[in-house]
Amino acid sequence: MFSEKDFIFNTTTFEINKGSFQWSAPSNIALVKYWGKKEHQIPANPSISFTLNQCKTITKLSFERKNTSTALSETKKNFSFDLLFEGKPKVDFKPKIQKFFERIEVYCPYLKHYHFIIDTENTFPHSSGIASSASGMAALAMNIMSLEKALNPEMTKEYFTQKASFLARLGSGSACRSIKGNVVVWGKHTGINGSSDLFGIEFAEKIHQNFKNYQDTILLVDKGEKQVSSTVGHDLMHNHPFAKQRFEQAHTNLSSIKKVLENGNIEEFIKIVESEALTLHAMMMTSMPYFILMKPNTLEIINRIWKFRAETKTPVCFTLDAGANVHVLYPENDREHILQFIKDELIGFCQNANYICDTIGNGAIQIL
Ligand code: DP6
């Protein structure tokens with residue numbers, strides 16, 4: 001396993017002048033949630049997620065080496081990059097990338113020697129309320145690692161993926177779980193070998209057939225800008241009255257869900273996943289200042305799911321991100337029946353009847 005020091009790039013000759021790479025990286029949905037962090041993007045508790053398949057960011061990174069004198073005179077200045085979103089310059093995204101570059105500079109000192117064009121797009125509708133930071137940072141981290149691999153061709157595949165996840169984490173915590181599939185653990189947990197606070201790892205145990213190709217239908221309840229960002233929410237876990245119990249609970253839930261993913265007990269799965277979602281939002285409601293990200297329609301949907309599950313004994317459940325949208329999770333075998341229920345009863349609670357059908361996926365893919 002690699003430590004933080006292993007991720008510092010220390011070759012000083014940069015032989016690659018110009019080129020481009022392109023990667024796609026998916027979003028992910030946490031089953032046990034990351035909420036609360038320490039300095040340097042270290043999570044306060046371990047988390048586990050399903051990697052998604054359809055909700056992706058596709059990013060092309062073109063790079064050209066600056067001449068040495070320009071590079072030196074610019075050393076103390078900003079990184080040099082242009083940012084395009086769906087082919088058009090997008091200045092609003094630049095500060096986030098700038099901050100990301102600053103955080104990873106010590107591990108990727110070659111960045112200041114190049115000018116970059118970052119050309120990015122999402123497969124899901126813009127401002128759908130789906131956070132693109134996980135898929136976006138993961139796709140960018142993979143591109144940066146492709147450049148690093150070109151500079152250091154001896155790099156192993158394992159180092160490539162672990163450092164990509166390590167870098168993505170510094171962009172956005174949950175992004176480190178978007179490099180690999182199908183189930184990823186991030187954060188040190190005594191029951192999971194190789195787990196680390198520094199990067200996500202693939203869940204190594206054999207996943208029960210019941211969870212193969214698990215479905216996630218994302219109901220877009222509210223597409224507006226969130227009132228409180230995740231970063232602010234994480235911060236409010238410092239001095240939170242229930243923080244200690246919450247972090248302990250996440251460790252326990254991770255031990256339980258590990259067993260469930262192996263033994264296929266969907267009933268237990270539902271209990272853990274729904275409790276995690278409601279606990280996440282309970283943490284928001286009990287922060288100081290407190291806030292609520294669920295909307296009335298979020299609760300309507302939850303109640304309909306509970307009623308349908310009780311009446312039909314269908315193993316459908318929900319989880320929530322830091323927002324009002326609802327992720328409806330269910331086994332592939334029950335797909336038709338549940339999609340019908342979603343269309344008949346839940347779509348009416350979505351903004352403009354919008355929803356996205358997704359499934360568990362395999363992680364980032366190189367396109368160029
Ligand atoms: C509720 O990864 O978006 O989705 O590290 O500040 O970028 P930053 O936060 P972010 O937080 C995600 C929180 C969550 C739960 C989860 O994905 O585990």
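This is a predicted model, so every value here is computed, not measured. We count ligands from 1, going down the list as the structure has it; atoms in each ligand are counted the same way.
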Measure the shortest side-chain to side-chain distance between Thr120 and Leu84 over non-hydrogen atoms and say whether it is less than 4.5 angstrom.
->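 They are not in contact (no side-chain heavy atoms under 4.5 Å apart), so the answer is no.
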
Check: Lys96 and Ser133 side chains under 4.5 Å, non-hydrogen atoms | yes

Under a 3.5 Å threshold, I'd like every N/O contact between ligand 1 and protein atoms, with atom names and distance.
from, atom 1, to, atom 2, distance (Å)
ligand 1, 2 (O), Ser172, OG, 3.2
ligand 1, 2 (O), Ser174, N, 2.8
ligand 1, 2 (O), Ser174, OG, 2.7
ligand 1, 4 (O), Asp321, OD1, 3.4
ligand 1, 5 (O), Tyr34, OH, 2.6
ligand 1, 5 (O), Lys37, NZ, 3.3
ligand 1, 5 (O), Gln41, NE2, 3.3
ligand 1, 5 (O), Gly173, N, 2.7
ligand 1, 6 (O), Lys37, NZ, 2.7
ligand 1, 6 (O), Thr231, OG1, 3.3
ligand 1, 7 (O), Ser172, OG, 2.7
ligand 1, 9 (O), His234, NE2, 3.0
ligand 1, 11 (O), His234, NE2, 3.0
ligand 1, 17 (O), Arg177, NH2, 2.7
ligand 1, 18 (O), Tyr34, N, 2.9
ligand 1, 18 (O), Arg177, NH1, 3.0
ligand 1, 18 (O), Arg177, NH2, 3.2

Hey, can you tell me if Tyr214 and Phe50 have their rings parallel, tilted or perpendicular (30° and 60° cut-offs)?
->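 Ring orientation of Tyr214 relative to Phe50: tilted.
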
Taking the six-membered ring for Trp, are Trp35 and His234 parallel (under 30°), tilted (30 to 60°) or perpendicular (over 60°)?
-> tilted

May I ask you to check whether Tyr107 and Phe7 place their ring centers less than 6.0 Å from one another?
-> no

Among Phe81, Tyr110, Tyr114, which residue meets the ring-ring contact (aromatic ring centres under 6.0 Å, His included) test with Phe101?
-> Phe81

